[in-house]
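The next block holds one structure in the form of structure tokens; read it before the comments.
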Amino acid sequence: MSALTYFAVQRLRGGVHPDQIREARRLLDAGGATLAAHARSRLAAIHGPAAEQPAWLERQPLTLRTDLTEPHRQLLAGHPKHTEIRRTSGSTGTPFTFVKDKAMAAWMDATMWAAYSWHGVGPGDRRLRFWGLALKGKVRWRRQVADLLTRQIRLSAFQVTPADCQEFFLRARRFKARYAYGYPALMVLWADECAALGLDGRDLELHAVIATGELLPPETRRRLTEFFGCNVVNEYGCSESGVLAFECEAGTAHTTPVAALPEVIRPDGTVAGPGELGEVVVSDLYGRYLPMLRYRLHDLAVPTRQDTCRCGRVLPGLEISVGRQDSFIELADGRRIYDAILAYSVPAGVSGFRVFQRSSRRLEAQVTLARGVDREATLRALSRSWSAALGTGLELEIQVVESLPFEDSGKLRYFVPLRPRDVA
């Protein structure tokens with residue numbers, strides 16, 4: 001798909017327009033006071049004239065995902081015009097289906113492409129995607145069609161045997177993608193499997209690798225840079241509001257407050273200063289239907305000074321301290337399955353979960369259930385779904401709990417893996 005075709009498809013679905021990407025680039029290049037004025041005017045457009053006052057946002061209450069479940073459920077029932085339905089994979093143990101205003105979704109894409117342009121990547125470029133894939137049904141089929149239309153090929157996080165890795169590498173070499181995008185832990189696993197087979201990632205001639213969805217440790221960055229032989233760029237964001245920070249050409253992670261405004265806050269809700277650790281919350285700047293307002297991501301970060309970066313932009317920096325950390329389920333037959341498969345296969349009625357791997361043959365799960373569901377039927381559905389996803393020979397114990405407390409970091413890690421010495 002060329003850029004021309006990409007925008008033609010976007011026009012049909014009410015998506016992003018080239019002018020929006022140009023405006024997003026202009027705002028990011030202007031930075032500083034221009035972006036601050038943009039955020040205030042957009043908040044006022046959504047929430048009324050009072051929201052244009054600098055102190056207004058800081059006085060608003062924080063929002064939890066649990067606060068939004070019922071309003072979005074009601075809106076989903078009507079599925080109003082100019083909205084689309086989205087779903088997070090449940091990185092905090094609470095899968096979330098929500099409605100997104102198409103105007104907001106378009107600006108989310110505009111912000112993303114504006115940031116990607118810093119590394120020579122644009123709409124219509126071919127992409128390697130390292131991500132999950134629905135296990136069956138219409139959702140899987142629709143995703144495969146979307147991959148075809150958007151010129152990307154995908155390595156499923158749930159199929160990473162040596163044979164899968166080799167087959168995908170050979171496809172990727174023929175495909176000639178411009179860039180790769182995905183979970184860094186999954187890309188490292190694939191790179192290691194390929195290297196063991198004597199395959200060299202530099203043969204793919206990628207222009208950039210965009211790591212997203214989880215933390216990017218220095219060793220992971222080093223390994224990916226070594227394998228692919230190109231820049232590895234860190235992206236920070238969320239499914240609900242899009243890209244919130246992105247690394248520039250100089251390696252600084254800048255906030256990108258065009259479609260959504262991230263804040264780092266203290267425990268009392270006030271905004272943290274440069275160098276001060278706090279929690280990330282985000283507010284949407286577009287859309288009429290249930291825009292996020294000071295929505296808690298349960299990530300910890302440190303804002304950095306707004307001095308001019310070596311890239312030439314005057315944009316706030318953001319250093320993520322604690323965020324999503326994914327890992328692999330280790331099975332007795334030697335398979336390693338990306339833990340996101342648990343979120344992809346959780347049935348309706350389960351409002352939250354946390355899974356502990358006790359051995360290569362045993363998982364223990366704590367789950368919370370939505371109000372009014374049939375407890376026994378839901379647990380049977382969950383057991384069947386996870387057993388089908390992971391295969392036979394794995395003992396699964398499920399306990400219903402009233403709540404799933406967050407860790408000291410503020411995150412709820414939905415899968416706790418084995419320590420190496422625990423594998424049996």
Side-chain angles (χ1 to χ4, degrees), residues 89 91 116 118-121 125-133 143 147 150-237 246-247 249 251 253 320 323-331 333-344 357 415 417-420 423:
S89 63
S91 66
Y116 283 16
W118 298 347
H119 298 276
V121 171
D125 286 345
R126 294 185 179 216
R127 173 167 72 175
L128 306 181
R129 187 177 180 93
F130 296 81
W131 210 256
L133 179 64
R143 181 49 55 199
D147 285 352
T150 55
R151 292 216 305 182
Q152 69 176 4
I153 59 174
R154 176 188 308 242
L155 177 71
S156 171
F158 316 135
Q159 292 178 280
V160 283
T161 66
D164 294 322
C165 292
Q166 182 179 40
E167 190 274 337
F168 186 73
F169 183 94
L170 297 177
R171 284 183 65 202
R173 192 163 59 188
R174 295 191 299 269
F175 189 65
K176 299 192 180 301
R178 175 74 169 174
Y179 68 110
Y181 172 95
Y183 300 129
L186 177 60
M187 289 192 283
V188 161
L189 175 61
W190 180 74
D192 287 345
E193 293 285 3
C194 288
L197 295 167
L199 303 172
D200 189 340
R202 291 171 294 183
D203 291 345
L204 304 179
E205 299 180 337
L206 296 180
H207 196 74
V209 172
I210 298 173
T212 190
E214 61 188 32
L215 293 175
L216 178 63
E219 177 56 27
T220 299
R221 186 195 291 269
R222 184 199 64 76
R223 180 70 189 96
L224 291 175
T225 302
E226 177 184 80
F227 179 75
F228 288 108
C230 65
N231 285 338
V232 176
V233 185
N234 197 18
E235 174 187 277
Y236 173 67
F246 200 76
E247 280 188 350
E249 306 90 326
I320 301 301
R324 174 173 170 177
Q325 293 179 292
D326 285 308
S327 51
F328 294 88
I329 303 168
E330 308 274 355
L331 300 181
D333 61 7
R335 287 182 299 141
R336 303 175 71 202
I337 301 181
Y338 201 60
D339 63 8
I341 199 169
L342 299 168
Y344 272 72
Q357 181 160 19
F415 176 68
L418 286 169
R419 296 187 301 274
V423 179

Atom pairs and distances, side-chain donor-acceptor, residues 162-177, under 3.5 Å, sequence neighbours left out:
unit_1: Asp164; atom_1: OD2; unit_2: Thr161; atom_2: N; d: 3.2
unit_1: Asp164; atom_1: OD2; unit_2: Thr161; atom_2: OG1; d: 2.8

With rounding to the nearest 0.5 angstrom, report the [atom1] to [atom2] distance, [X] to [Y].
X: Tyr183; Y: Leu215; atom1: OH; atom2: CG; value: 13.5 Å
X: Asp125; Y: Tyr179; atom1: CG; atom2: OH; value: 6.5 Å
X: Phe328; Y: Ile341; atom1: CZ; atom2: CD1; value: 11.5 Å
X: Glu214; Y: Thr220; atom1: CD; atom2: OG1; value: 8.0 Å
X: Leu331; Y: Arg336; atom1: CG; atom2: CZ; value: 10.5 Å

Quiz: residues 199-208 side-chain donor-acceptor pairs under 3.5 angstrom, not counting sequence neighbours:
unit_1: Asp200; atom_1: OD1; unit_2: Arg202; atom_2: N; d: 3.0
unit_1: Asp200; atom_1: OD1; unit_2: Arg202; atom_2: NE; d: 3.1
unit_1: Asp200; atom_1: OD2; unit_2: Arg202; atom_2: NE; d: 3.2
unit_1: Asp200; atom_1: OD2; unit_2: Arg202; atom_2: NH2; d: 2.8
unit_1: His207; atom_1: NE2; unit_2: His119; atom_2: O; d: 3.4

| said: Looking at Gln357 and Glu330, would you say the former's side chain and the latter's main chain have a donor-acceptor pair under 3.5 Å? | reply: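 Confirmed, Gln357 side chain pairs with Glu330 backbone.
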
| field | Side-chain donor or acceptor of Arg221 paired with backbone N/O of Leu216 under 3.5 Å | value |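 Absent.
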
| Should Val160 and Trp190 count as side-chain neighbours, where that means a heavy-atom distance under 4.5 Å? |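 Result no, sub-4.5 Å side-chain heavy-atom pair not found.
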
Distance-minimising heavy-atom pair for [X] and [Y]:
X: Val209; Y: Cys230; answer: CG2-SG, 3.7 Å
X: Ala211; Y: Asn234; answer: O-OD1, 3.4 Å
X: Phe130; Y: Ala180; answer: CE1-CB, 4.0 Å
X: Ala195; Y: Phe227; answer: N-CE1, 4.3 Å
X: Trp118; Y: Glu247; answer: CE3-O, 3.7 Å

| said: Determine whether Asn231 and Glu249 satisfy the following criterion, side-chain contact (heavy atoms from CB on, under 4.5 Å), listing intermediate values before the conclusion. | reply: CA-CA 9 Å; Asn231 285 338; Glu249 306 90 326; over 6 Å; no

| Which of these passes side chain to side chain contact (heavy atoms under 4.5 Å, CB included) with Ile210: Glu235, Arg127, Met187? |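 Among the candidates, only Glu235 passes.
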
| query | Should the pair Glu219-Arg223 be classified as a salt bridge under the 4.0 Å nitrogen-to-oxygen rule? | reply |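 Arg223 and Glu219: not salt-bridged.
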
